[in-house]
Amino acid sequence: MKTRILLAAGLAVCAIAVGAQASPGGSETASPAKGQDARARARAIVAKMSLDEKIALLHGLFPPRAAGKTQNELIQAAGHIDGIPRLGVPLVRESDASLGVANQIEQRKGDVATALPSSLATAASFDPEVARAGGAMIGSEARSKRFNVLLAGGVNLTRDPWGGRNFEYLGEDPLLAGTMAGAHIQGIQSNKIVSTIKHFALNAQETGRMVLDARIDEAALRESDLLAFEIAIEQGKPGSVMCAYNKVNGDWACENDFLLNQVLKRDWGYRGWVMSDWGAVHTTVKAANAGLDQQSGQELDSGMYFSPEALKPAIESGQVPIARIDDMVVRYLTGLIETGAYDTPMPATSETPDYTAHADVAQRAAEAGIVLLKNEGGILPLAASAKRIVVIGGAADLGVLSGGGSSQVRGVGGAPIEIPLSTGGSASFARITYHASSPLKALQAALPGVAVEFVDGRNLSQVAERAAAADLAIVFATQWATEADDVPDLRLPSHQDALIAAVAAAQPNTVAVLETGGPVLMPWLGQVKAVVQAWYPGQRGGEAIANILTGKVNPSGRLPITFPAAASQPVRPAPVGLDRLSALEAQAAADPGAAGGHVLQSFPVEYPEGSDVGYRWYAKQGLKPLFPFGHGLSYTSFAYRNPVVTGGKRLSVTFEVVNTGAREGADVPQLYVSRDGSGKPMRLAGFQRVTLTPGEVRKVTLVAEPRILADYDTRLPGWRVGGGRYNVAIAHDSADRTMMLEANLDAATMKP
């Protein structure tokens with residue numbers, strides 16, 4: 001099916017649907033009856049448990065530090081929770097996650113997995129089916145490797161372009177991020193395993209993530225980061241939510257009553273369980289009563305806060321009610337039951353996935369997400385007249401770069417480059433790692449009649465000489481990003497800006513290919529003919545890049561994040577309080593007792609942009625970015641015609657999309673709206689990916705997500721759509737205002 005349509009939810013915000021599950025046979029859980037509601041079934045199981053059995057399910061082991069703590073096999077990965085065989089409660093094994101089954105520093109010797117491109121690349125496809133297929137693939141491999149919980153589903157909005165974990169997330173817009181995360185979670189859970197959604201909430205930077213206090217008002221939070229989570233939870237129905245390291249408005253995210261009890265469980269009706277991030281728990285009583293259901297990887301915390309030694313006295317003293325303990329266990333079982341993980345046994349031994357088919361999934365995702373930013377004079381696809389091409393830099397002869405941290409996958413084919421770290425927050429669990437997919441070799445295979453040679457780029461004189469002698473030069477530039485450390489600035493590291501400028505000075509036909517974790521500055525942009533944003537392109541990144549450059553695949557990616565023209569344009573032009581935050585984290589490492597939250601100080605980070613994240617900040621400030629959100633070029637062209645807008649109880653626009661060029665290609669028409677006179681910037685309210693042959697016309701209808709049209713009103717509380725006139729743009733990107741319309745909407749309110 002060539003058309004991918006995003007349809008918004010109706011004005012009524014529905015509670016999360018619950019699928020009925022069959023009851024397993026051969027254990028005491030044979031009753032209640034088949035088809036009973038999962039939560040009722042979970043309650044019946046919990047009623048048969050002793051207190052010790054309940055508490056045993058509320059804290060998980062960190063396998064690398066848990067030898068001798070279980071009689072079951074410990075697979076070296078993120079987490080392990082023993083089951084209760086007499087009641088049919090399964091053993092749970094947890095793995096990191098969103099980009100493939102992680103094996104960061106090869107804890108499991110020889111265990112490889114298929115590596116998806118970065119989540120930011122998947123978001124750039126603007127195609128939920130790409131996200132769903134990727135999730136289904138990694139979920140399948142997780143089950144083959146005997147994991148039944150994936151710590152996937154990252155949906156934190158990009159508030160700062162230097163965020164070290166931006167590549168793991170899905171961009172700066174809540175509708176796009178929520179929709180793509182929901183589809184990814186659906187794909188994972190189609191394998192009868194659990195996906196989390198994380199990190200709840202406002203984990204917007206890595207520098208100081210263990211000590212910062214994110215400050216933002218409730219309405220702005222509801223309209224931005226929380227809306228992304230809300231949409232993803234509605235659509236993906238994850239079995240678990242993972243709370244974040246940081247504080248939010250004064251309370252640690254994993255003991256934050258507002259986030260966990262009021263928003264997630266009360267307002268959204270979430271039925272699954274809240275697990276902590278690894279090392280994010282600070283208390284027993286406060287955390288349990290504030291809504292945390294399970295302490296994860298307990299060995300990484302400063303205390304065993306949900307162990308029997310901690311919880312039993314709190315229960316006996318009445319500080320934590322036994323009803324709360326029961327609810328914690330019921331939620332854990334409900335998440336397992338609703339996803340099918342409870343009733344679907346894991347294989348007794350590891351199975352070998354279909355790595356060839358799975359590599360195709362990863363390659364299609366990379367091809368759909370690669371963004372053609374510039375293409376002056378139609379230099380791409382590579383001209384048939386080019387008989388000699390020089391490929392320069394980026395280790396393009398060996399492979400493609402990947403991001404670091406807990407998402408690191410050891411790709412099939414191994415790691416041709418792997419560099420250990422000696423400093424930084426990620427040194428203990430990250431290495432600079434490449435996947436074995438060489439763009440050079442892929443280009444040589446794709447262009448058999450062309451001489452394609454490689455220069456590593458270290459000798460500028462040699463580079464200039466070889467570039468001048470070729471018909472065309474392709475410079476590969478890289479920027480490594482990782483969990484636990486933010487990128488220090490937005491420049492390409494290791495003098496790569498100078499390298500690109502030197503190549504462009506020697507060769508007028510220069511193409512820059514960027515393998516980065518997010519936006520970078522481009523002081524050389526006016527000197528090169530074309531720029532291709534390849535992100536971290538994954539298992540088959542080399543082949544995907546070659547297919548885009550040679551025209552075998554028509555580029556169709558769109559930016560899910562704004563590229564600034566200068567470091568001064570973003571709200572915060574550099575990591576906030578870098579020196580002070582680093583000092584506080586050093587204090588936490590030196591004094592683990594302080595990390596319990598009793599002595600350790602936190603550092604406030606203000607978010608004055610509120611809900612005006614990313615492109616909305618640029619519009620509000622009147623700033624022109626280097627490339628706007630939603631931007632992306634194609635080897636063909638598209639036009640929008642004959643729009644008809646309707647208002648009333650919902651806003652929708654019907655129009656024609658026409659392929660006006662000579663090649664088949666995919667376009668992503670985008671719907672932006674704002675209430676007239678509100679003074680607020682326009683927001684993405686709908687999008688659709690559509691593939692058209694030359695000359696083909698397709699009628700498209702975009703329905704605006706009602707919560708994008710609304711303001712969050714804390715006095716209701718809930719969403720309020722103001723009646724009156726709305727400005728509507730059918731656009732190629734967030735800055736495009738060539739097709740403007742108006743519609744009148746009825747006033748309406750919605751529950752939180």
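Here the structure is a predicted model, which means the values were calculated and not measured.
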Undergrad: Give a yes or no on whether K441 atom NZ has more than 12 heavy-atom contacts from other residues, nucleotides or ligands under 6.0 Å away.
TA: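 Incorrect, the count does not exceed 12.
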Undergrad: Return yes if some donor-acceptor pair links the side-chain N/O of N554 with the main-chain N/O of Y635 below 3.5 Å, else return no.
TA: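 Yes; judged by distance alone, with no hydrogens or angles, the pair exists.
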Undergrad: Check the pair S406 / R165 against side chain to side chain contact (heavy atoms under 4.5 Å, CB included), numbers first and verdict last.
TA: CA-CA 10 Å; S406 60; R165 218 166 178 179; 2.8 Å; yes
Undergrad: Taking the side chain as every heavy atom from C-beta outward, state whether H184 and T122 have any atom pair closer than 4.5 Å.
TA: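 H184 vs T122: side chains apart.
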Undergrad: Side-chain donor-acceptor pair under 3.5 Å between D489 and W162, yes or no?
TA: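 Side-chain D/A pair, D489 to W162: absent.
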Undergrad: Compare every heavy atom of A504 with every heavy atom of Q527, then report the nearest pair and how far apart it is.
TA: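 The pair with the smallest heavy-atom distance is O-CB, 3.5 Å.
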Undergrad: Is there a donor-acceptor pair under 3.5 Å between the side chain of Q621 and the backbone N or O of L623?
TA: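 Side chain of Q621 to backbone of L623: no pair is present.
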Undergrad: Which of these, T510, L380, N509, sits in a side chain to side chain contact (heavy atoms under 4.5 Å, CB included) with K529?
TA: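 Going through the options one by one, the only one that passes is N509.
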Undergrad: Do you know the tightest heavy-atom contact between A481 and V487?
TA: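 Result for this residue pair: CB-CG2, 4.0 Å.
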Undergrad: How far apart are the C-alpha atoms of V657 and V697, what are their side-chain angles, what is the distance that settles it, and do they pass the side chain to side chain contact (heavy atoms under 4.5 Å, CB included) test?
TA: CA-CA 6 Å; V657 182; V697 179; over 6 Å; no
Undergrad: So, the side chain of Q408 versus the backbone of Q104: is there a donor-acceptor pair under 3.5 Å, distance only?
TA: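 Not confirmed, Q408 side chain does not pair with Q104 backbone.
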Undergrad: Does a side-chain N-to-carboxylate-O contact under 4.0 Å join E106 and R431?
TA: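 So E106 does not pair with R431 through a salt bridge.
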Undergrad: Apply side chain to side chain contact (heavy atoms under 4.5 Å, CB included) to residues V668 and F638 and explain how you reach the verdict.
TA: CA-CA 10 Å; V668 183; F638 300 93; over 6 Å; no
Undergrad: To the nearest 0.5 Å, what is the distance between CG on L521 and CG on L626?
TA: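 Going from the CG atom of L521 to the CG atom of L626 covers 8.0 Å.
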Undergrad: For residues T482 and A430, report the shortest heavy-atom separation together with the two atoms involved.
TA: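 Residues T482 and A430, closest heavy atoms: OG1-CB, 3.9 Å.
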Undergrad: Would you say the side chains of S118 and E168 form a donor-acceptor pair under 3.5 Å?
TA: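 Their side chains do not contain a donor-acceptor pair, so the 3.5 Å distance test is not met.
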Undergrad: Relative to the ring of Y355, is the ring of H358 parallel (under 30°), tilted (30 to 60°) or perpendicular (over 60°)?
TA: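 Because their plane-to-plane angle is over 60°, the rings of H358 and Y355 count as perpendicular.
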Undergrad: Is it true that R466 and E453 make a salt bridge, defined as a side-chain N closer than 4.0 Å to a carboxylate O?
TA: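 Looking at E453 together with R466, the answer is yes, because their closest N to O distance falls below 4.0 Å.
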Undergrad: Is R572 atom CZ crowded by more than 12 heavy atoms from other residues, nucleotides or ligands, each under 6.0 Å away?
TA: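 Buried by this count: over 12 neighbours within 6.0 Å.
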Undergrad: Nearest 0.5 angstrom please: T114 OG1 to L99 CG, how far?
TA: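 So the gap between those two atoms works out to 12.5 Å.
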Undergrad: How close do A666 and T691 get, heavy atom to heavy atom, and via which atoms?
TA: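 So the minimum-distance heavy-atom pair works out to CB-OG1, 3.6 Å.
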Undergrad: Scan side-chain atoms only and decide if Q670 and H732 contain a donor-acceptor pair under the 3.5 Å cut-off.
TA: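 Distance-only check fails for Q670 and H732.
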Undergrad: Any heavy-atom pair between the side chains of S556 and F126 that's under 4.5 Å?
TA: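 No; the side chains remain at least 4.5 Å from each other.
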Undergrad: So, S95 side chain and L150 main chain: donor-acceptor pair closer than 3.5 Å or not?
TA: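 Between the backbone of L150 and the side chain of S95 there is no qualifying donor-acceptor contact (under 3.5 Å).
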Undergrad: Under a 4.0 Å N-O cut-off, is there an ion pair linking K145 with D111?
TA: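 A salt bridge is present here (some side-chain N lies under 4.0 Å from a carboxylate O).
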Undergrad: Check this for me: does any side-chain nitrogen of one of R209 and E483 sit under 4.0 Å from a carboxylate oxygen of the other?
TA: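 Looking at E483 together with R209, the answer is yes, because their closest N to O distance falls below 4.0 Å.
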Undergrad: Without swapping roles, check the side chain of Y618 against the backbone of V613 for a donor-acceptor pair under 3.5 Å.
TA: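 Not confirmed, Y618 side chain does not pair with V613 backbone.
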Undergrad: Can you check whether G369's main-chain N or O pairs, donor with acceptor, with W535's side chain at less than 3.5 Å?
TA: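 Here the side-chain-to-backbone pair exists.
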Undergrad: Check step by step if side chain to side chain contact (heavy atoms under 4.5 Å, CB included) holds for V391 and V455.
TA: CA-CA 6 Å; V391 174; V455 181; over 6 Å; no
Undergrad: Quick one: does F563's side chain get under 4.5 Å of L490's, heavy atoms only?
TA: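 Not in contact.
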Undergrad: Calculate, to the nearest 0.5 Å, the distance between atoms CG and CD belonging to N166 and E172 respectively.
TA: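 If we round to the nearest 0.5 Å, N166:CG and E172:CD are 9.5 Å apart.
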Undergrad: Are the side chain of Q569 and the backbone of A565 linked by a donor-acceptor contact shorter than 3.5 Å?
TA: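 Yes, the answer is positive, given that a donor and an acceptor are paired below the 3.5 Å cut-off.
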Undergrad: Checking side-chain polar atoms at under 3.5 Å, does D733 have a donor or acceptor matched by the opposite partner on Y615?
TA: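 Distance-only check fails for D733 and Y615.
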Undergrad: Checking side-chain polar atoms at under 3.5 Å, does S426 have a donor or acceptor matched by the opposite partner on D485?
TA: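 The criterion, which ignores hydrogens and geometry beyond distance, is satisfied for D485 and S426.
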Undergrad: What is the distance from atom CE of M739 to atom CG of L671, rounded to the nearest 0.5 Å?
TA: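 The CE atom of M739 sits 12.0 Å away from the CG atom of L671.
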Undergrad: Where do G411 and V112 come nearest, in terms of heavy atoms and distance?
TA: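 Minimum heavy-atom separation between G411 and V112: O-CG1, 3.7 Å.
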Undergrad: For A470, does its backbone N or O pair with a side-chain atom of K387 as donor and acceptor, under 3.5 Å?
TA: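 No.
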Undergrad: When you compare the side chain of D173 with that of F687, does any pair of heavy atoms fall below 4.5 Å?
TA: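 Counting from C-beta outward, F687 and D173 never come under 4.5 Å.
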Undergrad: Can you measure from CD1 (I379) to NZ (K374) and round to the nearest 0.5 angstrom?
TA: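 Reported value, rounded in 0.5 Å steps: 10.0 Å.
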Undergrad: Within this structure, what is the CG-CE distance for the pair D736 and M682, rounded to the nearest 0.5 Å?
TA: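 CE of M682 is found 10.5 Å from CG of D736.
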Undergrad: Can N547 and E367 be counted as having a side-chain donor-acceptor contact under 3.5 angstrom?
TA: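 Result is yes, a qualifying pair exists.
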Undergrad: Begin with the C-alpha distance, continue with both residues' side-chain angles, and end with the deciding distance and a verdict on side-chain hydrogen bond (donor to acceptor under 3.5 Å, both in side chains) for R663 and T693.
TA: CA-CA 7 Å; R663 296 181 56 131; T693 57; over 6 Å; no
Undergrad: Given 3.5 Å as the limit, does a donor-acceptor pair link the side chain of Q539 with the main chain of P117, or not?
TA: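 Judged by distance alone, no pair lies under 3.5 Å.
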Undergrad: Ignoring hydrogens and angles, state whether a donor on the side chain of S125 or R364 is under 3.5 Å from an acceptor on the partner side chain.
TA: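 R364 and S125 do not have a side-chain donor-acceptor pair below 3.5 Å.
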Undergrad: Answer yes when R159 and E609 have at least one side-chain N-carboxylate O distance shorter than 4.0 Å, and no when they do not.
TA: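 Yes, charged N to carboxylate O under 4.0 Å.
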Undergrad: Any idea which heavy atoms bring R410 and N103 closest together, and the distance?
TA: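 Looks like CG-O, 3.1 Å.
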Undergrad: With a 4.0 Å cut-off on N to O distance, would you call R132 and E129 a salt bridge?
TA: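 E129 and R132: salt-bridged.
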Undergrad: If we ignore angles and hydrogens, is there a donor and acceptor under 3.5 Å between the side chains of T516 and Q533?
TA: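 Per modelled atom types, T516 and Q533 side chains form a pair under 3.5 Å.
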Undergrad: Whether R737 engages the ring of Y672 as a cation-pi pair (distance to the six-membered ring centre under 6.0 angstrom, angle to the ring normal within 45°) should be assessed.
TA: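 Yes, a cation-pi geometry.
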Undergrad: Any side-chain donor-acceptor pair under 3.5 Å between S637 and T660?
TA: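 Present: a donor and an acceptor within the cut-off.
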Undergrad: Will you find, in the side chains of Y640 and D667, an N or O donor that is under 3.5 Å from an N or O acceptor?
TA: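 Indeed, the side chains of Y640 and D667 share at least one donor-acceptor pair under 3.5 Å.
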Undergrad: Ignoring hydrogens and geometry beyond distance, is a side-chain donor-acceptor pair present between E664 and T636 at under 3.5 Å?
TA: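 Their side chains do not contain a donor-acceptor pair, so the 3.5 Å distance test is not met.
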Undergrad: Any non-hydrogen side-chain atom of T562 less than 4.5 Å from a side-chain atom of P625?
TA: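 The answer is yes; the side chains approach within 4.5 Å.
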Undergrad: Before accepting this row, confirm whether a basic side-chain N of the pair D471/R388 lies closer than 4.0 Å to the acidic partner's carboxylate O.
TA: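 Result for this pair is no, no salt bridge flagged.
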Undergrad: Verify, without hydrogens or angle tests, whether Q479 (side chain) and G517 (backbone) share a donor-acceptor contact under 3.5 angstrom.
TA: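 Checking the backbone N and O of G517 against the side chain of Q479, a donor-acceptor pair under 3.5 Å is found.
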